[in-house]
Amino acid sequence: MSAIYLDHAATSPTREEVVEAMVPYFTTQYGNPSSIHQFGRNTRQALDEARRVIASSINANFKEIIFTSGGTESDNMAIIGTALALQEKGKHIITSKVEHHAVLHAVQYLEENGFEVSYLSADEEGRIDPQQVEDAIRDDTILVTIMYGNNEVGTLQPIEEIGKITSEKKVLFHTDAVQAYGSVSIDVKHLGIDLLSVSAHKINGPKGNGFLYVREGLWLEPRAFGGEQERKRRAGTENVPGIMGMKKAVELIQEEKIGRHEQLLNMKKRMLEIFDGEGIEYILNGSINLSLPHVLNVSFPGTNVEAMLVNLDLAGIAASSGSACTAGSIEPSHVLAAMFDDHERMTSAIRFSFGHGNTMEEIEQAAKETVRIVNRLTSM
Amino acid sequence: MIYFDNSATTKPYPEALKTYMTVSESYFANPSSIHRLGGEVEKLISTARNQIAGLLRVNPGEVVFTSGGTEANNLAIKGIAIEHQTRGKHLISTEIEHASCYESFRQLEHLGFDITFLPVDRNGHVSIQDLRNAIRHDSILVSVMHVNNEIGTIQPVEEIGQFLKKHPKIFFHVDHVQGIGKVPLQYVQSGVDLCSFSSHKFHGPKGVGILYIRNGVTLSPLLHGGSQEFKHRAGTENIPGIIAMAKALRLTMEKSKKEMDGLLRLNRLLRSKLVEIEGVVLNTPEKQSAPHIINFSVPGIKPEVLIHSLEERDVFVSTKSACSSKSTEVSRVLEATGYELKRASSAIRISLSFDNTMNEGERFIAILEDILNNLTKVMRY
């Protein structure tokens, strides 16, 4: 029995084309891009080309892309870098209770260092009301950081509305798009986004890579000091093969954009259809429409998450409870806790996340297996 | 082709690349996931961690994976400074550190820390006496690189470590990025609390590194988020990178045992031939220097010109550190050794790997002589 991998929101398989695109940068083009000889110049040119491709995928300029070691570093750099650069202007930051830990722990670090943070609450579907953002903005607010799409429940935030508000109020707007990039089209200029974080391994790219979009003209206090790479914003020899792999992953997304969204959404709908058809009890966490197509979070009343995951795993289905970064410890999810106050619903929530390589047959098989497990566990 | 720029970056071992590809394709799950696939990857990382700990002779719990040498150095220096600033705000380092350490200290200076940069002698060595004089009641960190990346000087890390044992409250960080595999260092016996490594300098993939953090040492993290790497470094682990790095480190340590004689022979060949060439002066000292780095100057000849002439003949060397090679200023390291401007501004660095051959050494010398003959005719100023 081969495993059915429904945990693409935790990480995704690196596509073969991506690995192939990386190989030459290990074997023949291995120079340090800062070296002035031909080896260095060739890799420098490759990096510039990757920067251009990646920038155009979000309608940004190539100077606005900083390569990082992943989503966590992008989020930390955006938030802590902005806060430290603008602390003379004010020390107030707005975020939400449903952010990823890479954002939450970064703002907590700032809180410990004299910044003030407002945590906006979400509604039952996990959505932030843009009016709340507007109301929370004060004279000393320097940054709003609200994620694009939630990693645990998939809910999309009203990014365009928030972007309008922050543009009007002249407050910087960062969005953690780690889960959304690749599943939805993003145009940073149209949406009024100043900073945007992306991770390569969530889009079938290599682990250890990501990027941060920083609107031209903004200065961030760097976190890594040393060489003058990344226009003095992020020191360290560039991970050239990784960046070239990420470029390939981005190109594949661009090529396959049409159809991908629908395909993923159909998988989600099909799974729910089977749950409905088999008549098991479930509650959808999040929203069916205003949601990332690849994330499905459901609670199965009468079960608990540990038993569900163990049984799914035995049946060859890889799913998860919440975000993988917190999954090691099965504490109740902070995202679900922000959405509703129902202990049973919280402790019986499973996240299925779909992606490259999944087939409709797999989804159907996994849904039926889930139904069997739920029936078994609830009849005990 | 002769690639003598291994201190800038190295060509990954084919075995490390193969590991990278296999892991990318077959073990892609997130090690923090609790399903079987995540568990398999978790096991893989822990095997790599044990293997690396074994090679470095430290405990697995002391090995923290980072995105490279720069991050490891930044994490060590700023992590200690920020975490322990209530005890004191005085930090000690040297004038010839790599930019990733030097600039970290500069940033801390802006944040109100007081830094002493120890001077070096003409050979690039710091003295224990200077260190002794620099220590104050509020000193909390000494950070010294093991092997200098530009001139190859080996610092007396063991001695410094022994001396610092009298000051148990001062943390000791060593930037071992250039030394690993080339110059042995006993971290534990030398009283090293923190030690940095970069995978792409020992034929592993770029974008991965290690910070050794001795058991019991606490430091403020640079990256906040998940609780990976014993809470020292948040972020999904670069699994293929880590596993391939473990492989590259093992191969490097093996070569270090078996092929050191060959490297030393090549070093001696190059040194002896270089001093015979008219106009060439060696900047790397003969004693207390690493076997893989030879820095020399041809006063009067611009290093960029020489590098490009060598490049036309398919020979690759560098001026100074790749990380600062874009800026045209004189090398900070050579300035610190007190060489006159003409010499300090005309330096060329050869950096070798175990894979370079005697034949490449001979050919290099012949090509260099030829180029210098032509250049000195037309370009001497």
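Quick note on labels: first sequence line is chain A, next is B, and so on, each numbered from 1. Predicted, not measured: the structure shown is a model, and the values here were computed from it.
Judged by distance alone, with hydrogens and angles left aside, the side-chain atoms of A:Asn32 form no donor-acceptor pair with the main-chain N or O of B:Thr9 at under 3.5 Å. Judged by distance alone, the side chain of A:Asp313 and the main-chain N or O of B:His35 form no donor-acceptor pair under 3.5 Å. No donor-acceptor distance shorter than 3.5 angstrom exists from the side chain of A:Lys207 to the backbone of B:Ser24, with no hydrogens or angles considered.
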Discussion item. Salt bridge (charged side-chain N to carboxylate O under 4.0 Å, His left out), that's the test. Do A:Arg41 and B:Glu311 meet it? Break it down for me.
Written reply: CA-CA 12 Å; A:Arg41 290 196 309 272; B:Glu311 191 181 335; 2.9 Å; yes

Worksheet entry | Derivation and outcome, side chain to side chain contact (heavy atoms under 4.5 Å, CB included), residues A:Thr27 and B:Leu17 | CA-CA 8 Å; A:Thr27 53; B:Leu17 173 57; 3.3 Å; yes

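Within the 4.5 angstrom heavy-atom criterion, atoms from both the backbone and the side chain of A:Pro13 approach chain B. The part of A:His201 that comes within reach of chain B is its side chain, from C-beta onward, which places non-hydrogen atoms under 4.5 angstrom from that chain.
Pairing each heavy atom of A:Glu73 with each of B:Ser67, the nearest pair is OE1-OG, 4.5 Å. The two residues B:Arg36 and A:Ala3 make their nearest non-hydrogen contact at NH2-CB, 3.9 Å.
Distance check: B:Ile34 CD1 to A:Leu309 CG gives 4.5 Å after rounding to the nearest 0.5 Å.
Taking the six-membered ring for Trp and the full ring otherwise, A:Phe225 and B:Phe105 have centroids separated by 6.0 Å or more.
Comparing B:Glu237, B:His224, B:Lys11, B:Glu71 by heavy-atom pairs within less than 4.5 Å of chain A, the highest count is held by B:His224.
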